[in-house]
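Beneath this line is the structure, given in structure tokens, with notes to follow.
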Amino acid sequence: MIILQNHVGKIAITPEYFTELIGKTVTSCFGVISMNVEGFRETLAAAMPRKRKAYARGVSVKFAKDKLMIDLHISLMYGVNMNAVAKAIIHKVGYTVEQSTGISVEKVNVYVDSIRV
């Protein structure tokens with residue numbers, strides 16, 4: 001949980017908020033088919049019946065020195081320009097998170113795990 005202090009009071013932002021915001025932003029980009037699980041722990045968690053949304057998988061957010069570092073694992077559609085899609089995702093995620101929360105984004109890493117037809 002990230003807690004921000006301002007002149008009015010404290011603001012607490014949960015990790016679930018970030019995963020939903022980022023997941024919805026990424027899946028709305030052209031060429032993105034789905035979000036992928038990352039690592040053994042998320043693979044096991046995805047196999048268990050839970051209420052976690054499919055777009056919340058593959059999103060990792062780290063908060064350090066008042067900036068966010070975001071890792072994304074995605075699957076792309078066959079035939080799209082991976083470089084263009086990755087740049088669009090980086091720009092759109094950075095802009096959306098900064099506008100929604102006011103926290104600056106230091107880095108967005110996009111990992112293309114698979115390409116599907």
Tell me whether V32 shares a hydrophobic cluster with V117, the cluster being built from Ile, Leu, Val, Met, Phe, Trp, Tyr side chains joined at under 4.5 Å.
yes
Notebook entry, point to check: Does I33 belong to the same Ile/Leu/Val/Met/Phe/Trp/Tyr cluster as V26, with side-chain heavy atoms less than 4.5 Å apart forming each link?
Noted result: yes
Here the gap from I2 atom CD1 to T14 atom OG1, rounded to the nearest 0.5 Å, amounts to 9.5 Å
Fill in: Pairwise side-chain contact, T27 with S34, heavy-atom cut-off 4.5 Å (strictly under)
no
Problem - Intermediate values then yes/no, side chain to side chain contact (heavy atoms under 4.5 Å, CB included), L68 and K62 - result: CA-CA 6 Å; L68 293 173; K62 296 175 188 117; over 6 Å; no
**Q.** Main-chain N/O of I74 paired to N36 side chain as donor or acceptor, under 3.5 Å
**A.** yes
Taking every heavy atom of I103 against every heavy atom of F63, the minimum-distance pair comes out as CG2-CE1, 3.8 Å
List the atom pairs, with distances to 0.1 Å, where a side-chain N or O of residues 104-112 and a protein N or O form a donor-acceptor pair under 3.5 Å, not counting sequence neighbours.
from : atom 1 : to  : atom 2 : distance (Å)
N109 : ND2    : D71 : OD1    : 2.8

Report, one line per pair, each donor and acceptor closer than 3.5 Å where one atom sits in a side chain of residues 80-97; sequence neighbours left out.
from : atom 1 : to  : atom 2 : distance (Å)
N81  : OD1    : N83 : N      : 3.2
K92  : NZ     : S28 : OG     : 3.1
T96  : OG1    : K92 : O      : 2.7

Residues at least two apart in sequence or cross-chain that pass ring-ring contact (aromatic ring centres under 6.0 Å, His included) with F30, listed by chain then number, are none
**Q.** Hphob cluster co-occupancy, Y17 + I3, side-chain heavy atoms under 4.5 angstrom
**A.** no
>> Is it the case that the side chain of T19 and the backbone of E16 share a donor-acceptor pair, with hydrogens and angles ignored and the cut-off at 3.5 Å?
In response: yes
Rounded to the nearest 0.5 Å, the CE atom of M77 sits from the CZ atom of R116 at a distance of 11.5 Å
Notebook entry, point to check: Would I70 and F18 count as a side chain to side chain contact (heavy atoms under 4.5 Å, CB included) if you check the C-alpha gap in whole Å, the side-chain angles of each, and the deciding distance to 0.1 Å?
Noted result: CA-CA 10 Å; I70 302 168; F18 283 114; over 6 Å; no
